Peer 1: 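Have a look at the structure that comes next, please.
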Amino acid sequence: MKLQKKQIVSSNSIGKQLLDFLDDRTGYRGALHELLFERVPGGARWRYVWGSTLVFAFVVQVITGVVLWSSYSAGAQSAWESVHWIQHEMSGGWLVRGIHHVMAQAMVILLALHLMQIVIDGAYRAPREVNFWLGLVLMMLVLGMALTGYLLPWDQRGYWSTRVATNLAGLLPLIGPSVQQVVIGGSDYGHLTLTRFFALHAGILPGTLVAMLVLHLTLFRKHGLCAKQPIRKPDAMFWPDQVFCDAVACLGVLAVVLGVILLPALRAMLEGRPIDPGELGAELGAPADPSQPYAAARPEWYFLFLFQFLKVFEGWGASGEFLGAILIPGLTMGVMFLMPIIGRWNLGHRFNILFTSSLLIGIGLLTAMAYNEDYVALWTDSSSFSDVKDLLEKTGNDPKKIAEAFDSDVQKIAAFNKRSHRYESFLRSEAFLAAVAQASVDGDRAIELAGRPERIPPSGALDLIRQDPLTQGPRLFEQHCASCHSHVDPASAQAKTKMSKSSAANLYGFGSVAWMQGLLDPAAVDGPAYFGNTSHNNGDMVNFVKNDLADTSAWSSEDIRAVIVAMAAEANVYDTGIPESDISLIERGRALISDENRCGSCHDFGINEVNPNMAPDLIGWGSREWLIGIITNPAHEKFYGTQNDRMPSFGVTTDGAIPRLSLSQIELVVDWIRGQWYRSRSSNPSAHHASEK
Amino acid sequence: MRSTPDKATDFEKTSKPALGPEHRRSFVIKAIALACGAIATLSPFAAGVWTYLDPLRRQSKASTFIRVVSLGSIPDDGIPRLFPIVSDRLDAWTGFPSEPIGAVYLSREKGSPQVKALSAICPHAGCFVDISAPSDCFRCPCHNSSFTLSGAMIQPSPSPREMDALDCQIDESGQVLVKWENFYTGIATKVPRA
Ligand code: FES
């Protein structure tokens, strides 16, 4: 017993000796004492916590930032790829990235609160002016880090909104274009934009911030806390009273941040959906593509007010731009820097409070306006504009004709113009929402492709997207095929209008049993989904289907079914739709197709050599090679030959010019039509349809 | 607020008299110290700034005419269509053989061999101008600038100028060539970027 006690005492005294030694050489006790035993006049208060929460938030950003840094690679072919790795592959990567992302936004809110508290308490007044200025510099540094951080994942969103931001920097008088060039590292966005933004984000800005923060805190300690007047309670010590408030507040901030990150997981859990942690935290869109428009480009929400502010100057031309992006924000900052001086007068202090609060309210309003403009279509009923839409279509938006429609009644015309304006914004919002939906489809697809077992090629994830039939097929189709062909699910609502506008077959589900069934259906073959709007609408094939096939003595329904199944087997598309039970019919179908008295009387099918220009060769019909062939040159004797209607030859030209589509583009369209694209095991088949809208 | 005496000032007060007699020497030493210190710290700083500003000294390649598409691919209905500009591209140390580097709207009037080319980059702040199907105009999704199909501003417009027309040629084999250029945004005149 005694011995034990002695041991404790001696180890205690060794510890004490060590600490004494340390204190002797460093004076840490005094320093610690000074740090903790600061007097808080009037006692600890919750309103003083904002500065501490900001320091806390910054420390969290440094910790998470350094971890992200260890896996991030700045470069046009590696930035998105490494962020994808962090977000979707590294264990806990989503959490660290999520905290970094959400805490950055929390910091902006905390900055606003801190600023408001300082202004209301008049804490900028002598002798604290310099510290107030340091605070404003710190605020700009934080905003600068937010701005530069947005680009680093190199996804479409960051890329396009940074373009806008840097273009605005170019408006600075005289130095603008040079500043822009230095910041983006040349005249175009690329590797150097990333390396420079990263150096700013993780080096120059935080380095300066730390230096300023040290000064800020030193001055804060030098002047002491600026107590809220009047002081009613006795003074307290920083430790533990204020530290208690601060610590609780920091924990609160962290809880909110984690809550924002984890809320979707909770929702998924309640709905019984599986949770993919890669979906939590910060979003990662499709990789940046300078050649692919991104209509949903918006800055982060805390810069949205600036973005919206630019719209205020509609019609002002270049001077509006300068006013909105440079002059007014610059003047506002200028007034804020002058606040300590303005605040010397009592009225000046009132002015400062009024100025800051109206600034924050104005920012709030602009932000709300921006959101409203973008999302208004969500809460408006499109049918309420049907009359406006009709009239606009009828008159072709010609003001004269509109006036006529209202018998030149000025009031009615004005009312109509107002509504047509509202309709215009509704359309814009609809387009924005569609762009957001498309962006999320593209983003998901990029992530799905990047998760293939083969991973990302050295040329980067953008290459994966550019070579993905599911992504590129619809775009190429829209550009080159959709002026004649439709591609719409016949069961869908818009099918009728879409197909009636097209002059050639609907290629949705081409090569499947269902598609073939329609072709051989006497009621459908001359409809808009097949030959209806082509020059073949009264041709041999249509007549054959309408007369011969309808004759049940010549063609039993079993025969027709066999032909359908055999054709679908030739095409062998992804979703071929041949039921297990019909596989036995394939051979019979093939025999019927090559029968010289049936299909084989016009169509070639390998063995019967009919006039090659009569009708398309059915060997391998609808297969990849067959489709590539027909798109390359439909007038080839294997296909429509001399009978070709208006279909252009996309892959060959007669005069040595470059063809309309390269082979790889044709392959992309073909693979898309045939449904041949990479699918991860968990991929949802509806993505295909989403991309169609 | 703090009443404790500042140690540094204390030290200066006590040691100042010792420097008195050698005032001139001390001035020289101070000057040399400052000069050495300044040269030592400023020269790496200057070297750093010099390198950091390298992008300013880099001339981008003169813009050239790039083959975009064959004339036949542009329907002569007056409606602009989007075509990618494909060209070799240098991004600092990486060279990309024929890549889409941008996009252009090409249109052709009925029966006309003339092609009109408009850059798809918004002259306001550089977003990608869209052409929306229902109405007959260009729309920028960012700040709602709209333009007629020939690229003229529709007032009120945040954009200070009309869409940027690009020079366009058609060669003997019927290929449309477009002079691909980037312009400064947000100003009333069309100034090509260096
Ligand atoms: S960038 Fe087009 S309207 Fe602003």
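Every chain is numbered from 1, with letters handed out A, B, ... down the list of sequences. No experiment lies behind these values; they were computed from the predicted model shown.
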Peer 1: Heavy-atom cut-off 4.5 Å, strictly under: side chain, backbone, both or neither for A/Arg163 against chain B?
Peer 2: both
Peer 1: Heavy atoms only: give me the nearest B/Ala125-A/Asn167 pair and the separation to one decimal.
Peer 2: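 B/Ala125 and A/Asn167 have their closest heavy atoms at O-ND2, 2.7 Å.
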Peer 1: Determine, for A/Glu424 against B/Arg139, whether the closest basic-nitrogen to carboxylate-oxygen distance falls under 4.0 angstrom.
Peer 2: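 Answer for the salt bridge query: yes.
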Peer 1: Under 4.5 Å heavy-atom distance to chain A, tell me which part of B/Leu82 shows up: side chain, backbone, both or neither.
Peer 2: both
Peer 1: Check the pair B/Cys142 / A/Phe307 against side-chain contact (heavy atoms from CB on, under 4.5 Å), numbers first and verdict last.
Peer 2: CA-CA 8 Å; B/Cys142 283; A/Phe307 177 88; 4.3 Å; yes
Peer 1: Under 6.0 Å from the CZ atom of B/Phe45, do we count more than 12 heavy atoms belonging to anything else shown?
Peer 2: no
Peer 1: Measure up the A/His191 and B/Trp93 rings against each other and bin them: parallel (under 30°), tilted (30 to 60°), perpendicular (over 60°).
Peer 2: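 Parallel: the ring planes of A/His191 and B/Trp93 meet at under 30°.
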Peer 1: What part of B/Phe96 lies closer than 4.5 angstrom to a heavy atom of chain A: side chain, backbone, both or neither?
Peer 2: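 Side chain of B/Phe96 only, per the 4.5 Å heavy-atom cut-off to chain A.
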Peer 1: Give the member of B/Gly186, B/Pro84, B/Ala103, B/Ala92 that has the highest number of heavy-atom pairs under 4.5 Å with chain A.
Peer 2: B/Gly186
Peer 1: Are any of the side-chain heavy atoms of A/Asp188 and B/Arg89 separated by less than 4.5 Å?
Peer 2: no
Peer 1: Which pair of non-hydrogen atoms, one from B/Pro141 and one from A/Ala295, has the smallest distance, and what is that distance?
Peer 2: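 Scanning both residues completely, I find the closest heavy atoms to be CB-O, 3.3 Å.
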Peer 1: In terms of heavy-atom pairs under 4.5 Å with chain A, which of B/Thr189, B/Ile187, B/Asn144 leads?
Peer 2: B/Asn144
Peer 1: For the candidates A/Lys389, A/His480, A/Gln77, which exhibits the highest count of non-hydrogen atom pairs separated by less than 4.5 Å from chain B?
Peer 2: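 Of A/Lys389, A/His480, A/Gln77, A/Gln77 has the most heavy-atom pairs under 4.5 Å with chain B.
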Peer 1: Pairs under 3.5 angstrom only: tabulate donor-acceptor contacts from the side chains of residues 168-177 of chain A to other protein residues two or more places apart or in another chain.
Peer 2:
none

Peer 1: Looking only at non-hydrogen atoms, find the nearest pair between A/Tyr294 and B/Phe128 and report the distance.
Peer 2: N-CB, 4.3 Å
Peer 1: Please state whether the side chain, the backbone, both or neither of B/Thr185 comes within less than 4.5 Å of a heavy atom of chain A.
Peer 2: both
Peer 1: Determine the minimum heavy-atom distance between A/Gly190 and B/Asp91, stating which atoms define it.
Peer 2: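 That closest heavy-atom pairing would be CA-OD2, 3.3 Å.
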Peer 1: So A/Arg466 and B/Glu99, do their side chains get closer than 4.5 Å, heavy atoms only?
Peer 2: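 The answer is yes; the side chains approach within 4.5 Å.
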Peer 1: Check whether any side-chain heavy atom of A/Val164 lies under 4.5 Å from a side-chain heavy atom of B/His124, and answer yes or no.
Peer 2: no
Peer 1: Measure distances from A/Gln180 to the heavy atoms of chain B and classify the residue's part below 4.5 Å as side chain, backbone, both or neither.
Peer 2: side chain
Peer 1: Is the shortest heavy-atom distance from the side chain of A/Arg196 to the side chain of B/Pro55 under 4.5 Å?
Peer 2: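 They are in side-chain contact.
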